[in-house]
Amino acid sequence: MKRAVIIGTGSALPQRVLSNFDLEGMVETSDEWITARTGIKTRHIAGVGEETSQLAAGAARQALAMAELEPDDLDLIVVGTITPDMTMPSCACLVQKELGARRAFAMDVNAACSGFLYALDMADKYICRNPGWKILVIGAETLSSRVDWQDRNTCVLFGDGAGACVVTGAEGSRGYLASRLFADGTLWELLHLEGAPGHNPELRPNVNTDPSIMMYGREVFRHAIRAMADAVSRVLADQGVRPAELSLVIPHQANIRIIRSLAEHLALPLEKVYVNVDKYGNTSAATVPIALDEANRQGMLKTGDLLLLCSFGGGFTWGASLIRW
Ligand code: UT7
């Protein structure tokens, strides 16, 4: 059986960097609090010409170049995002236009911070049926546009960016081995973003029309730790893999304390767990593919290495995927 193999990665970040010290002048917070409670020091904030689709296309161009492919080689584009430029068309269609990938069909996946994992899993399923396909999988967000910049509980946490990879089918032991994906809509209120464009107040009269992100941080924190540890344990057990056999873990980058807790759960040293939350904050669906691209470009991934991806986000959605590089 052929599996999806990643043959190129890329990432793109907005120019503007917002530091914790900058935030001190905007809300009642401190570099000390943000660093201690989250591990975040800076985040990138999108400006003109850096909409979600444009960041996504930037990441995609890098991934295509690494894969030595042209946009016309693509069969499918899937973008994990909760911050598309507009409700319709999808971000993926705009990426298709930006790239000139005329043969590709295109769609978005809304699974919040787990969007990239969900999208990659879909790509693998398409590859099983169509091993010759070339699929672009992207996680891209501009959450800065959906954050209440007066709410210190959330505005210090998020950043903008995009990460991408190109997958195709290959024979052998390399590639996408397995995943475990989950959702629990009963807990939607703990982390949500209301006020979607065009919502009808007659249908939902009590809906908050102010489109900013709402999060019960402490509750989300608790669920994130438990859910990611569980998903990771399950996917490793499915494949008969011991944590010590993993070469690298790329977790969702929301909070260094959550990442440390995952490392402890796996009894892995932090050196085996990729961390860049300090530089970019929580970029939702983009955290995992940005980190993947960085790790790849730093030569941290060698052929045959076992790589674990995991995420947790609004919905709730969460999961873990195991890849042999
Ligand atoms: O990507 C999707 C998944 N998202 C996550 O995984 C995020 C999960 N949650 C978290 O990372 C953490 O819960 C936060 C970083 C959001 C918050 O950290 P915490 O340790 O859970 O703090 P807290 O919410 O319990 O707040 C502690 C205190 C509160 O003050 P009081 O009520 O104890 O007086 C907050 O008002 O810290 C206060 N606080 C702040 N202080 C300074 C909250 N935000 C800030 C801030 N600066 N920016």
Side-chain angles (χ1 to χ4, degrees), residues 18-43 80-83 109-118 139-144 146-161 163 181-185 187-193 212-232 250-263 265 273 275-278 280-291 309-320:
L18 187 72
S19 72
N20 292 349
F21 298 106
D22 295 328
L23 281 160
E24 285 182 357
M26 297 163 64
V27 286
E28 202 184 323
T29 191
S30 63
D31 171 57
E32 197 189 347
W33 190 94
I34 303 170
T35 306
R37 305 312 292 163
T38 72
I40 301 167
K41 298 296 276 184
T42 56
R43 67 287 290 143
T81 186
I82 49 166
T83 50
V109 172
N110 177 334
C113 303
S114 307
F116 178 77
L117 258 74
Y118 272 47
E141 306 279 14
T142 49
L143 267 169
S144 64
R146 314 291 210 279
V147 160
D148 176 354
W149 286 100
Q150 283 163 8
D151 176 14
R152 70 175 185 174
N153 290 295
T154 50
C155 76
V156 305
L157 305 175
F158 297 99
D160 303 333
L181 302 178
F182 302 90
D184 184 352
L187 298 169
W188 71 271
E189 275 179 296
L190 295 177
L191 175 52
H192 65 273
L193 179 48
S212 54
I213 203 153
M214 250 311 292
M215 179 165 75
Y216 295 88
R218 220 174 290 183
E219 284 292 296
V220 175
F221 187 93
R222 211 168 47 79
H223 283 282
I225 286 182
R226 214 180 33 211
M228 273 201 291
D230 181 66
V232 164
I250 298 184
H252 175 47
Q253 309 281 315
N255 188 318
I256 189 67
R257 292 185 290 140
I258 297 178
I259 296 172
R260 284 207 196 102
S261 148
L262 185 72
H265 170 77
V273 183
V275 176
N276 62 10
V277 68
D278 51 327
Y280 311 132
N282 182 348
T283 57
S284 182
T287 66
V288 172
I290 291 173
L309 312 179
C310 60
S311 196
F312 180 88
F316 288 144
T317 57
W318 68 100

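All heavy atoms count here, side chains included; hydrogens, waters and symmetry mates do not. All ligand and atom numbering here is 1-based and tracks the order in the structure.
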Check whether any side-chain heavy atom of [X] sits under 4.5 Å from a side-chain heavy atom of [Y], and report yes or no.
{"X": "Val288", "Y": "Leu117", "result": "yes"}
{"X": "Glu24", "Y": "Asp31", "result": "yes"}
{"X": "Leu143", "Y": "Ile82", "result": "yes"}
{"X": "Asn282", "Y": "His252", "result": "yes"}
{"X": "Phe316", "Y": "Val220", "result": "yes"}
{"X": "His223", "Y": "Asp184", "result": "no"}
{"X": "Phe221", "Y": "Ile258", "result": "yes"}

To the nearest 0.1 Å, how far is [atom] from its closest protein heavy atom, and which atom is that?
{"atom": "atom 4 (N) of ligand 1", "result": "Val220 CG1, 3.6 Å"}
{"atom": "atom 1 (O) of ligand 1", "result": "Asn282 ND2, 2.7 Å"}
{"atom": "atom 9 (N) of ligand 1", "result": "Gly217 O, 3.1 Å"}
{"atom": "atom 18 (O) of ligand 1", "result": "Arg257 NH2, 3.4 Å"}
{"atom": "atom 38 (C) of ligand 1", "result": "Arg152 NH2, 3.7 Å"}

Would [X] and [Y] count as having a side-chain donor-acceptor pair, cut-off 3.5 Å?
{"X": "Ser19", "Y": "Lys41", "result": "no"}
{"X": "Arg43", "Y": "Asn20", "result": "yes"}
{"X": "Thr83", "Y": "Glu141", "result": "yes"}

Hey, is [atom] touched by any protein heavy atom at less than 4.0 Å?
{"atom": "atom 34 (O) of ligand 1", "value": "no"}
{"atom": "atom 29 (C) of ligand 1", "value": "no"}
{"atom": "atom 47 (N) of ligand 1", "value": "yes"}

Any atoms of ligand 1 less than 4.0 Å from a non-hydrogen atom of [X]? List them with their elements.
{"X": "His252", "result": "1 (O), 2 (C)"}
{"X": "Asn153", "result": "43 (C), 44 (N)"}
{"X": "Thr38", "result": "15 (C)"}
{"X": "Cys113", "result": "1 (O), 2 (C)"}
{"X": "Val156", "result": "48 (N)"}

Practice task
May I ask you to decide if Glu28's main-chain N or O and Arg152's side chain share a donor-acceptor pair within less than 3.5 Å?
Solution key: yes
Exercise for the section: Ignoring hydrogens and angles, tell me if any N or O in the side chain of Glu219 forms a donor-acceptor pair with the backbone of Gly217 under 3.5 Å. Expected result: no
Practice task
Please determine if Phe158 has a nitrogen or oxygen closer than 3.5 Å to a nitrogen or oxygen of ligand 1.
Solution key: no
Practice task
Give yes or no for whether the N/O distance cutoff of 3.5 Å, strictly under, is met between Asn255 and ligand 1.
Solution key: yes
So which of [options] gets nearest to [atom], if we judge by its closest heavy atom?
{"atom": "atom 16 (C) of ligand 1", "options": "Leu23, Leu157, Leu191", "result": "Leu157"}
{"atom": "atom 37 (O) of ligand 1", "options": "Trp33, Phe312, Phe316", "result": "Trp33"}
{"atom": "atom 27 (C) of ligand 1", "options": "Arg218, His223, Arg37", "result": "Arg218"}

Exercise for the section: Measure Ile258 to ligand 1 on non-hydrogen atoms and call it side chain, backbone, both or neither using the 4.0 Å cut-off. Expected result: side chain
